[in-house]
Amino acid sequence: MLLLFGLKTALNNLPGRPATCQYCGRFVHHHLQERATKFTLFFIPILTTSRTYRISCSNCGQTSAINSRQKKAVAW
């Protein structure tokens with residue numbers, strides 16, 4: 001019996017919003033990105049094992065990791 005399993009990472013761009021950057025101090029749009037790692041069985045995603053969020057400034061490009069509570073405050 002052959003059993004194919006593994007992990008797959010998916011990147012999703014979520015809508016961000018304008019805010020003041022903590023690094024450059026400018027009021028610009030911030031991009032929000034979700035990275036989800038999923039357990040796959042026969043190349044079909046079965047369940048999500050981890051989920052992380054990152055926010056990046058469109059002016060200076062600096063990225064920061066945020067948690068799900070902060071993500072709800074940033075997303076529209």
If you draw a 6.0 Å radius around CZ in Phe5, do more than 12 non-hydrogen atoms from other residues or ligands fall strictly inside? no

Taking only residues at least two apart or on different chains, which pairs with a member in residues 2-16 satisfy salt bridge (charged side-chain N to carboxylate O under 4.0 Å, His left out)? none

Applying salt bridge (charged side-chain N to carboxylate O under 4.0 Å, His left out), which residue pairs with at least one partner in residues 18-27 are found, sequence neighbours left out? none

Qualifying salt bridge (charged side-chain N to carboxylate O under 4.0 Å, His left out) pairs, either residue in residues 56-68, two or more places apart: none

Show me the side-chain donor-acceptor pairs of residues 54-66 shorter than 3.5 Å, one per line, residues at least two apart or across chains.
{"unit_1": "Ser58", "atom_1": "OG", "unit_2": "His29", "atom_2": "O", "d": "2.8"}
{"unit_1": "Ser64", "atom_1": "OG", "unit_2": "Gln22", "atom_2": "NE2", "d": "3.4"}
{"unit_1": "Ser64", "atom_1": "OG", "unit_2": "Tyr23", "atom_2": "OH", "d": "3.3"}

I'd like a table of donor-acceptor pairs (distance under 3.5 Å, sequence neighbours excluded) in which one partner is a side-chain atom from residues 35-51, with atom names and distances.
{"unit_1": "Thr37", "atom_1": "OG1", "unit_2": "Ser50", "atom_2": "OG", "d": "3.4"}
{"unit_1": "Thr40", "atom_1": "OG1", "unit_2": "Gly6", "atom_2": "O", "d": "3.2"}
{"unit_1": "Thr49", "atom_1": "OG1", "unit_2": "Thr37", "atom_2": "O", "d": "2.9"}
{"unit_1": "Arg51", "atom_1": "NE", "unit_2": "Glu34", "atom_2": "OE2", "d": "3.3"}

Apply side-chain contact (heavy atoms from CB on, under 4.5 Å) to Asn13 and list each qualifying residue two or more places apart in sequence or on a separate chain. Gln33

